[in-house]
Amino acid sequence: MDSIKLGIIGFGTIGSSVAKILQQNGEQISQRLGANLQLLKVADLDITTDRGITFAPGILTTQAEEVLDSPEIDVVIELMGGYEPARTFVLKAMARGKHVVTANKALLALHGDELFSSAEKAGVALLFEAAVGGAIPIIRAIKESFVANKIQEIEGIVNGTANYILTKMSDEGLPFDQVLKEAQAKGFAEADPTFDIEGIDSAHKIAVLTRLAYGTSVKFDNIYIQGISSIRQEDIECAQQFGYRIKLLAISKFDGTSIDIRVHPAMVPQEKPIANVNGVLNAVLVRDDCMEENILVGHGAGGFPTGSAVIGDVVDIARDILAGCKGRVPPQSYPGNALKDIPLKNIHEIEGEYFLRFVVQDQTGVLSRISGILGQHQISIRTMIQPERGTEGGEVTLVVMTHQALENNIQKALLEIDALDIVSEKTVLIRVEK
Ligand code: HSE
């Protein structure tokens, strides 16, 4: 039987899971592939931590160069994460004619242009199914299954940590800080949760999906990103009262001219399927001209789900090697020369409905001052409530749901409102996504 030789760089949760799945399910993989996947090297600076797996002598190494220099290795699996030295290792591997599989969405989101053009130039595969949605096969779906479809919109819950926190806040009435601490204690959230809770991880993922869906490079710095750390229990309760659930959404909409790409918490109608994707689960909704909505739901993180997606990519490459073909599917879905430079919309250009939570002094005339400013900016109020719960010091909370409005007008109005002496805190804005 033929043998495809692999090297892993990065022996953490995913790297060790890939190795375990290869050991545990190796026989089945060989049967389905018609060849063996043989792990020749596993490199990491830390090879002493017990990862629950043992290797034959010589496989574990602290030298990534042993993977990159090995003339035998066909596929390099990059699972170290981060920008450097991951970028350098991936570029070196490809320049040496090795195919690459990575789960590194941050790397692809920021250095995609360089990496994809290097892969094309070297004539090697660069696959990354595990980078978005873990075990959800959304990359392959966009690149291959939906190749005939003109994608108009992608809407994803692509961060399990944030979804877990919002779900706990919604279902158990717990405050953000407490849920985050519990999630960290259980290992669902990183010790430094910034990328997950501030929406950066979701933005990396939607940047990658946008490139594949519309055939464009995406300037990461131009993506509007807002996380969930400002969401309070009051927002969750008001959302429920209005028939919504709050989700951290990664959104990418293409109207044929420009792309509206953003990450922020959003109120989603409770009856929508995506509003009911809870806990650590991820979901990606795709809307296009051929199907109304297609939603893929599954495990977006964790060693085995992510590891299985990595091996799926390895098998894809191995099948091409065995069939003697390459370049069958362009790494970024479109051939490099077909890539366009589609402009990104500024957040101020979008239109939608808004939830606004004001904390104001409990005085006569406050309501009319706020509604007056909203009116001056062409913002029409759909509903206004004053939740019973008061805050200390004679402050009250006022909640406004608007009709369709231009974000630019909303932002201008909030600047004026937040400068009023009767407003005690920065107003919370949550966009409504229907
Ligand atoms: N940290 C991510 C999440 C998983 O919480 O979903 C890896 O992308």
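For ligands, and for the atoms within them, numbers begin at 1 and follow the listed sequence. Everything quoted here is computed from the prediction, not taken from an experiment.
Remark: R87 engages E114 in a salt bridge, criterion side-chain N to carboxylate O under 4.0 Å.
No side-chain N or O of E237 forms a donor-acceptor pair with one of Q241 less than 3.5 Å apart. Side-chain contact check for K41 and T61: no donor-acceptor pair (N or O, by modelled atom type) lies under 3.5 Å. Between the side chains of D196 and T194, no donor-acceptor pair of N or O atoms lies under 3.5 Å.
If you number the atoms of ligand 1 from 1 as listed, the ones under 4.0 Å from a heavy atom of D201 come out as 2 (C), 8 (O). Distances below 4.0 Å separate heavy atoms of K105 from the following atoms of ligand 1: 7 (C), 8 (O). Atoms of ligand 1 found under 4.0 Å from any heavy atom of T161 (numbered from 1 in listed order, with element): 3 (C), 5 (O), 6 (O).
Counted within 6.0 Å of CD on E292, heavy atoms from surrounding residues, nucleotides or ligands total 12 or fewer; the atom is thus considered open.
Using cut-offs of 30° and 60° for the angle between ring planes, the F254 and Y214 rings count as tilted.
Distances from atom 2 (C) of ligand 1 to the heavy atoms of D196, I197, V280, T306 show the closest one on D196.
Scanning the protein for heavy atoms near atom 4 (C) of ligand 1, the closest one is A301 CB, 3.6 Å. Counting protein heavy atoms only, atom 6 (O) of ligand 1 is closest to G160 N, 2.6 Å.
At a heavy-atom cutoff of 4.0 Å, ligand 1 is contacted by the side chain of K205 but not by its backbone.
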